[in-house]
Visitor: 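Please find one structure pasted underneath; my questions will follow.
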Amino acid sequence: MKLTKARALVLIAISVPVAIELRTVAGFFNVELPLIAVAVIEFLFLALLFVLYGLYGEGSESAA
Amino acid sequence: MATASGGGSEFVDKFPDEAAIIKASFLIAFVSLGIGAFFGLIQALHRTNVLRVIDSADYYTVLTGHGVLLAIVFTIFFLCGVFHWAVARSLDRPAESALFSWAWVGLMTTGTVLATVAILGGLVPNLGMSADVLFTFYAPLQAHPIFYIGLAMFIVGTWLAGADWFLSYRAWRQEHSDERIPLQTFMVLTTMIMWYISTLGVAVSVVFFLIPWSLGLIESVNPLLTRTLFWYFGHPIVYFWLMPAYLLWYTVLPKLAGGRLFSDPLARVVFVLFLLLSTPVGIHHQYLDPGIAEGFKFIAMTNTMFLLLPSLLTAFTVVASVEHGARQRGGEGYLRWLGALPWRDPAFTGMALAGAMFAAGGFSGMINAGMNINYLIHNTLWVPGHFHLTVGTAVALTMMAGSYWLVPQVTGRKLYSRPIGLLQVIMWFVGMVFMSNAMHRAGLAGIPRRTAEPQYQNFEFLTPIGSIFELRVQIALGGTLLFLSVVLFLFNILLTSLGEESDRPVDSYLPEPLSGPEGSPRILDNLTMWTGIAAVLVVLAYTLPLAGIIQNGGGLFGGGLPVPATVSAGVDLVLTTVTSAFNTLWGVVA
């Protein structure tokens with residue numbers, strides 16, 4: 001399945017509530033995540049998505 | 001479901017008068033959306049202390065404008081346009097009288113202008129006119145009479161709009177005596193019956209109490225009575241917003257997904273349940289009102305919980321329909337089919353994200369509706385956090401997304417930009433996640449709603465996770481993204497309506513449901529019976545509380561101290577009234 005711009009945008013959108021509630025979920029397990037940790041995790045996710053889009057996205061050689 | 005309209009520009013060509021009415025409704029809706037969203041931005045930045053361009057005293061004027069223009073004018077004008085489209089399309093006939101249609105548009109517009117002038121008058125101190133009563137416009141806050149008169153005209157306008165659609169249905173029925181009511185028309189009619197029943201409360205409150213009171217014709221009102229009459233209408237209006245969104249989810253979203261509606265009868269059951277259950281629940285907004293006994297509040301809570309059923313049925317039916325569409329497009333697996341959906345289409349993506357947000361809004365709504373747990377979040381920022389997920393996203397985002405499919409149909413012009421549309425709906429989703437999440441969490445920390453200055457001396461709000469500063473930043477960021485999203489939306493729609501005409505601006509064909517209405521009992525279409533049952537439920541839920549409120553609150557026009565409206569007090573008043581009426585009648589006969 002190609003990673004289109006639209007799919008990438010939707011994945012980014014869905015990642016925002018997950019990132020925001022990450023500390024709450026971690027709190028259920030007595031893990032205190034600082035805000036910076038959440039920011040780093042979200043940044044890493046976006047970076048991964050960017051790489052995947054480069055490899056398998058529209059216009060990439062793999063997708064073609 | 002009737003599938004008369006096939007080609008894209010067919011609607012505007014086939015029903016030019018209806019298209020003009022719909023365009024006028026959408027225009028007023030979108031102007032209100034722009035102004036209301038701007039007010040929202042001002043509030044978000046003011047409350048969070050990021051940027052203050054108004055005095056805190058004016059915050060309430062802006063808040064009233066935001067609430068009235070978005071929650072009443074934008075939503076209702078837009079839904080009137082959608083309903084006008086749905087009735088003409090599904091019955092395959094124009095309205096009985098274009099003049100009559102323009103009459104309700106004109107009346108609603110006049111009412112909107114009057115109410116807006118009264119609200120904005122609050123920003124000009126020398127004018128002597130204000131309506132800083134917020135969206136919940138009950139006593140003891142008092143507005144200028146023009147505000148109430150404008151609202152009354154607006155409501156009467158919606159009644160006329162409903163009459164317009166019932167007249168179309170009656171004319172259609174005379175030619176199709178044995179046919180089932182087309183699904184979209186069925187949805188419009190059940191919604192309007194619910195609206196007629198529920199607006200009786202606000203009509204009585206405005207016409208008999210608030211207008212005479214604001215004009216100085218009567219000295220006082222019974223505040224609890226006006227509050228109760230407001231909430232009699234104030235909760236069903238949620239479904240008046242939501243049912244048009246459901247109409248789009250049931251009849252348009254499956255098509256956009258590439259599939260068909262899963263079950264027509266289930267959709268009818270859902271709308272009948274909303275008709276029956278929407279109104280006898282308003283007291284759940286009054287759990288902390290001292291003048292109503294706990295027993296009545298418990299009944300309202302029970303009725304409210306029943307309302308989860310049609311929403312859960314909707315979640316099942318709509319997701320099943322969308323999954324069917326995805327599989328038609330080659331989607332496979334338990335979840336991989338999600339990737340086969342048309343995410344490039346802003347109309348689809350916006351509605352799908354709105355539906356997902358509605359699930360979260362439904363869960364926070366269950367907290368609001370729970371009589372005991374409500375005490376935790378009552379009148380806190382949690383509540384606006386909740387309704388920004390429901391009306392602010394499930395409804396508003398569905399309406400904006402639906403516009404990307406509907407506006408080309410009624411203008412005959414292609415959408416200016418799908419990528420901008422996609423960015424807009426995504427931006428709304430992300431902005432609302434930031435803002436609504438922070439509002440919910442702030443509410444749990446006890447931060448109140450409806451105030452420009454939520455700080456107390458020698459007291460600091462605490463959050464279990466994160467900090468209040470973070471929440472303020474989230475709210476300001478979310479509010480800004482939401483405003484930018486509205487700007488993008490209005491820009492896209494404006495350029496669409498200014499674009500060149502197209503023979504087929506959008507594929508407007510709506511396919512038949514997988515399971516049609518043929519196998520379902522015809523009693524589902526018996527609108528008279530459902531109306532009767534809905535009225536009986538309202539009488540059962542409200543007679544005794546209202547009687548108690550009138551008896552214990554100093555009569556219809558107040559003057560006494562509030563005493564809890566108990567069952568015995570209500571029974572006493574009803575018995576006294578009935579006995580008195582019987583004696584009078586007996587005297588006349590004798």
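Letters A, B, ... are given to chains in the order of the sequence lines, protein chains preceding strands, and every chain is numbered from 1. Only heavy atoms go into these numbers, but all of them, side chains included; no hydrogens, no water, no symmetry mates.
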Visitor: Assess whether atom OH of B:Y375 is packed by more than 12 heavy atoms of other residues, nucleotides or ligands within 6.0 Å.
Guide: yes
Visitor: Can you name the closest pair of heavy atoms from B:R344 and A:T4 and give their distance?
Guide: NH2-CG2, 3.7 Å
Visitor: Just wondering, do B:L422 and A:K5 contact through their side chains at under 4.5 Å, heavy atoms?
Guide: no
Visitor: Of the backbone (N, CA, C, O) and the side chain (C-beta and beyond), which part of A:E21 lies under 4.5 Å from a heavy atom of chain B, both, or neither?
Guide: side chain
Visitor: Does atom CD1 (A:I36) have a neighbourhood of more than 12 heavy atoms from anything else shown, all under 6.0 Å?
Guide: no
Visitor: With a cut-off of 6.0 Å (strictly less than), are more than 12 heavy atoms of other residues, nucleotides or ligands near NZ of B:K255?
Guide: yes
Visitor: How far apart are the closest heavy atoms of A:T24 and B:I465, and which atoms are they?
Guide: CA-CD1, 3.6 Å
Visitor: Can you say whether A:I14 sits under 4.5 Å from chain B via the side chain, the backbone, both, or neither, judging by heavy atoms?
Guide: both
Visitor: For B:L338, is it the side chain, the backbone, both or neither that has a heavy atom under 4.5 Å from a heavy atom of chain A?
Guide: neither
Visitor: Nearest 0.5 angstrom please: A:L9 CG to B:F429 CZ, how far?
Guide: 12.5 Å
Visitor: Side chain from CB out, backbone as N, CA, C, O: work out which of these in A:L35 comes under 4.5 Å of a heavy atom of chain B, or both, or neither.
Guide: side chain
